[in-house]
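First the proteins, then the strands, lettered A, B, ... as listed; each starts at 1.
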Amino acid sequence: MPKETKTRKVAKKETGGKRKKDPNAPKRGLSAYMFFANEQRDKVREDNPGIKFGEVGKLLGEKWKSLNEKQKTPYEAKAAADKKRYEEEKAAYTAGGDDDEEEED
DNA sequence: GAAGTGATTGTTACT
DNA sequence: AGTAACAATCACTTC
């Protein structure tokens, strides 16, 4: 199996591939890892001054999983909170528009 | 009703 | 500006 490199966006295709990009594209919320990385990135780099992203990334992942649900809670909580944010967009997006619509193309 | 799929998020460092 | 491992996600799509 090919390692979906390139943010796997480029890999999109096959298996139907119906989902197109939306005009409003209510992006989704961030994920727990994003919040986790936001905090760790500081610490990790602090313990590993001068390390590249590859090291941080892998190291981060290791620590991330090392955490107990309890530790991930705060991150998941943020992720959930961010998800809500997305709900808004999605809602507004689904609304389609009130009176005037834009982005028609 | 259940299953799957794709699209997206953010970090750092480099070209 | 975009890409790369790392991980989660999870809302929408389709049958």
Side-chain angles (χ1 to χ4, degrees):
Chain A
M1 267 269 113
K3 290 104 178 278
E4 259 71 33
T5 32
K6 281 142 75 181
T7 37
R8 53 275 226 194
K9 278 184 187 58
V10 182
K12 101 150 141 107
K13 78 160 164 165
E14 276 187 66
T15 26
K18 255 91 185 159
R19 207 178 256 149
K20 67 185 180 73
K21 266 169 79 268
D22 291 293
N24 300 275
K27 329 286 208 230
R28 334 157 6 121
L30 274 73
S31 71
Y33 197 87
M34 302 294 94
F35 307 98
F36 169 81
N38 263 285
E39 300 264 315
Q40 294 299 307
R41 120 205 117 164
D42 263 58
K43 239 176 120 90
V44 174
R45 255 190 102 222
E46 192 187 291
D47 272 303
N48 305 280
I51 77 170
K52 308 198 300 249
F53 137 66
E55 275 64 38
V56 187
K58 282 172 180 171
L59 185 59
L60 221 46
E62 266 186 79
K63 295 187 148 226
W64 167 247
K65 288 186 179 166
S66 198
L67 302 175
N68 306 316
E69 291 170 69
K70 206 167 140 165
Q71 279 87 109
K72 299 195 307 172
T73 294
Y75 305 105
E76 285 182 312
K78 280 204 132 233
D82 194 272
K83 168 178 113 38
K84 270 178 132 220
R85 181 105 233 94
Y86 169 80
E87 270 181 42
E88 273 181 62
E89 302 167 42
K90 162 192 90 172
Y93 159 76
T94 309
D98 284 20
D99 288 54
D100 300 15
E101 270 180 52
E102 295 125 53
E103 257 67 64
E104 228 144 87
D105 216 45

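- Annotation: the span from K58(A) atom NZ to I51(A) atom CD1 amounts to 11.5 Å, rounded to 0.5 Å.
- The NZ atom of K78(A) sits 15 Å away from the P atom of dT9(C) (whole-angstrom rounding).
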(message) With side chain to side chain contact (heavy atoms under 4.5 Å, CB included) as the criterion, how do E39(A) and Y75(A) come out once you've worked through the C-alpha distance, each side chain's angles and the decisive distance to 0.1 Å?
(response) CA-CA 10 Å; E39(A) 300 264 315; Y75(A) 305 105; 4.1 Å; yes
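- Between the C1' atom of dT8(B) and the CZ atom of R85(A) lies a distance of 16 Å, rounded to the nearest Å.
- Rounded to whole Å, atom P of dC10(C) lies 16 Å from atom CD of E88(A).
- A donor-acceptor distance shorter than 3.5 angstrom exists from the side chain of N38(A) to the backbone of M34(A), with no hydrogens or angles considered.
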(message) Could you walk me through whether F36(A) and Q71(A) satisfy the side chain to side chain contact (heavy atoms under 4.5 Å, CB included) test, starting with their C-alpha distance in whole Å, then the side-chain angles of each, then the deciding distance to 0.1 Å, before giving a yes or no?
(response) CA-CA 10 Å; F36(A) 169 81; Q71(A) 279 87 109; over 6 Å; no
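- OP1 or OP2 of dC12(C) lies within a sub-4.0 Å distance of a side-chain N or O belonging to K90(A).
- With a 4.5 Å cut-off on side-chain heavy atoms, W64(A) and K72(A) count as touching.
- Comment: R85(A) engages E88(A) in a salt bridge, judged by a side-chain N to carboxylate O separation of less than 4.0 angstrom.
- In this structure, the salt bridge (charged side-chain N to carboxylate O under 4.0 Å, His left out) partners of K83(A), at least two apart in sequence or on a different chain, are E87(A).
- Going from atom NZ of K84(A) over to atom P of dT8(B) covers 24 Å, rounded to whole Å.
- Atom CG of D47(A) is separated from atom CD of Q40(A) by 9.5 Å, given to the nearest 0.5 angstrom.
- Of the residues in residues 50-75 of chain A, those with a non-hydrogen atom less than 4.0 angstrom from any atom of DNA chain B are I51(A), K52(A), F53(A).
- Residues from residues 30-49 of chain A placing a heavy atom under 4.0 Å of any atom in DNA chain C, listed by number, are S31(A), Y33(A), M34(A).
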